[in-house]
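Inspection log for the structure reproduced underneath, given as structure tokens.
Just so you know, ligand 1 is whichever comes first in the structure, and atom 1 is the first atom listed for that ligand. The figures here come from the full heavy-atom set of this structure, side chains too, leaving out hydrogens, waters and symmetry mates. Fair warning: this is a prediction, and the values are worked out from it, not measured in the lab.
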Amino acid sequence: MTNSKVDGRPRLSGDVYYPSENVIAQANIRDYEEQVRRAQDDLEGFWGERADELEWYRKWDKVLDDSDKPFYKWFVGARTNIVHNALDRHVKTWRKNKLALIWEGENGDLRSFSYHALNREVCRFANVLRSLGVSKGDRVTIYMGRIPEIWIAMLACAKIGAVHSVVYGGFSVDALQGRIEDSQSRVLITADGGWMNGKIVELKRTVDEALKRCPSVEHVVVVQRTGHGVSMEPERDHWYHNLMNLPIANGKSETEVMDAEDPLYILYTSGTTGRPKAVVHTHGGYMVGIYTTLRWVFDLKEEDRWWCAADPGWVTGHSYIVYGPLLNGATSFMYEGAPTYPYPNRWWQMIEKYGITILYTAPTAIRGLMRFGEAWPNRHDLSSLRLLGTVGEPINPEAWKWYYRVIGKERCPIMDTWWQTETGTFMITPLPVVPLKPGSGALPFPGVEADVVDEAGNPVAPNEEGYLILKRPWPAMLRTIYRDPDRYVQQYWSKYPGYYLTGDSAKRDEDGYFWIIGRVDDVIKVSGYRLGTAEIESALVSHPAVAEAAAIGLPHEVKGTAIHAFTILRAGFTGSPELVEELRDHVSKHMGPIAKPEAVTFVDKLPKTRSGKIMRRVLKARALGLPEGDVSTLEE
Ligand code: WT7
């Protein structure tokens with residue numbers, strides 16, 4: 001990379017980092033501009049060509065069926081299974097001997113799986129699931145830490161056509177229970193615990209609590225990770241290693257033939273109401289989307305060692321820890337624990353040790369590690385790195401430059417990828433051949449048409465803020481909200497009919513580069529984790545002292561945004577520092593540590609509209625000492 005002009009390329013405005021000739025010459029996507037034009041003119045032809053790079057049991061009759069908008073269908077009539085392309089396809093070739101996964105536990109445990117070995121475990125566990133009565137279309141909840149068995153569990157579900165529903169292992173009882181209930185899972189896969197910051201995360205204990213209120217679950221499969229002694233309910237709970245020792249758990253298992261539009265998984269995400277909302281992704285379009293985006297944006301090559309440091313419990317992990325790298329036949333690395341355990345050099349040490357070539361993480365992790373200073377990364381040889389990435393929230397240019405200079409040694413382009421649980425794949429993102437501007441996600445991926453519009457849907461002028469929308473369908477798009485198609489239409493497709501509403505505000509500069517500003521709905525991004533104000537508020541109100549609560553996000557140096565709660569106490573309770581701590585712990589216990597409010601303030605009343613809705617916008621403006629804006633609907 002250089003930040004001087006490259007011959008023959010137009011100069012862009014602002015702080016620009018141009019790709020070096022050698023990065024351009026090697027990139028998987030060399031004919032970028034041509035592909036953009038191609039996708040623009042012939043979206044179906046473009047995605048059909050991408051899909052042709054994968055194997056299908058039966059090819060499609062039509063790439064895109066838009067006869068029932070916004071219920072788009074992709075690769076209509078095709079038959080496939082994502083596992084066929086993620087595993088079966090590779091074990092027929094020399095790649096059976098290639099490493100699929102290298103794993104390091106926080107406590108120093110090491111494991112690795114070749115494609116052959118991973119496929120064998122997946123086949124064995126697929127047989128176990130079948131023996132527990134799981135079949136095509138059934139939902140299975142997975143609640144685990146970052147251990148190899150989460151890959152095996154997800155892939156085994158997909159292989160037999162079951163729909164997995166992974167719940168992030170950092171969530172707690174209420175969040176888990178609501179998600180199990182909504183999905184009506186009969187089988188749950190978990191672990192006794194996981195290692196995080198030198199302590200055990202009590203996964204099984206949380207499961208036991210949640211299941212008291214989830215009668216649908218008949219079987220719980222428990223992976224032994226920590227071995228610290230957990231209670232096992234006879235009949236209901238089974239040790240994973242015992243099931244895997246049964247004769248049924250042999251290495252031969254058929255991959256279920258799926259329709260391209262059959263659901264692969266559901267994944268819960270936060271929206272504007274408290275009810276859990278599960279996004280539905282498919283075997284066909286999703287597979288084509290993540291295969292292509294990972295190959296082009298992160299330039300995955302046969303010899304790479306890819307590390308996406310997210311958690312498999314979020315969409316980043318589904319798309320770019322588990323499925324995307326396997327579809328590309330890549331070698332991945334996964335680490336179980338905290339980045340600073342036992343010291344702040346843990347990540348840098350592992351990059352050196354395993355020769356990681358591409359690192360994909362979140363701004364909050366970069367800011368968190370940056371605080372410890374350059375000496376920690378400088379103790380390690382990071383020269384294996386060739387590309388870096390970030391996702392989850394806007395990255396401040398200061399953190400971008402630190403990442404670029406201290407970690408990437410000014411050699412590695414940074415892919416700032418904007419996307420969502422709903423989009424399944426990167427939507428606005430640089431590619432290695434595109435000039436970078438720190439803090440900008442650059443341009444829409446080929447085939448994606450994004451725009452920034454005002455309230456009435458008219459495009460705003462360059463550098464003006466507006467709503468970010470997407471104007472054309474894409475293969476990995478969510479198909480619906482599980483069991484709630486009306487909400488799918490209402491939430492994403494009704495503000496601007498025909499266009500997908502992202503829920504973000506953004507600007508586009510004079511070069512067409514997108515700058516994401518943040519959520520415009522009741523979603524708060526804490527350390528890149530997506531939380532709904534409604535979920536936090538209902539956790540607060542479930543405490544006996546709280547009558548009413550409002551949660552807002554305020555700027556935080558490391559987390560990006562932190563939760564601030566305002567509560568009205570019930571009669572007979574008085575605010576005290578002890579009660580503040582009690583309420584913070586209460587939210588953490590019910591929702592999970594990531595939802596723990598930074599501060600709790602006791603108030604006598606909350607700003608509300610005349611129809612009784614809390615005006616969080618006003619609370620936020622007051623907290624920041626900013627003008628309150630239009631308050632004509634305020635009740636006071
Ligand atoms: C929201 C989606 C999809 C991966 C993880 C997040 C924010 C995501 C960026 C980025 C600025 C970003 C947006 C978006 N976001 N990536 N590169 N720059 N903001 O998925 O939990 O569904 O959250 O994350 O606000 O709407 P998610």
Does one side chain, of T316 or Y360, offer a donor that lies under 3.5 Å from an acceptor on the other?
no

Walk me through whether E557 and R371 qualify under salt bridge (charged side-chain N to carboxylate O under 4.0 Å, His left out).
CA-CA 10 Å; E557 205 186 326; R371 276 191 313 170; over 6 Å; no

So, using ring-ring contact (aromatic ring centres under 6.0 Å, His included) as the criterion, who are the partners of W296 when residues are at least two apart?
F46, F445

For Y529, what residues pass the ring-ring contact (aromatic ring centres under 6.0 Å, His included) criterion, not counting sequence neighbours?
Y168, W314

Can you tell me which residues line ligand 1 if we count any heavy atom under 4.0 angstrom from one of its atoms, in chain and number order?
V315, T316, V391, G392, E393, P394, D416, T417, W418, W419, Q420, T421, D504, I516, R519, K525, R530

Against K437, only a single residue in D509, D416, D15 fulfils salt bridge (charged side-chain N to carboxylate O under 4.0 Å, His left out); can you say which?
D509

Taking side-chain hydrogen bond (donor to acceptor under 3.5 Å, both in side chains) as the definition, give me every residue that meets it alongside R530, ordered by chain and number, with sequence neighbours left out.
T269, E422

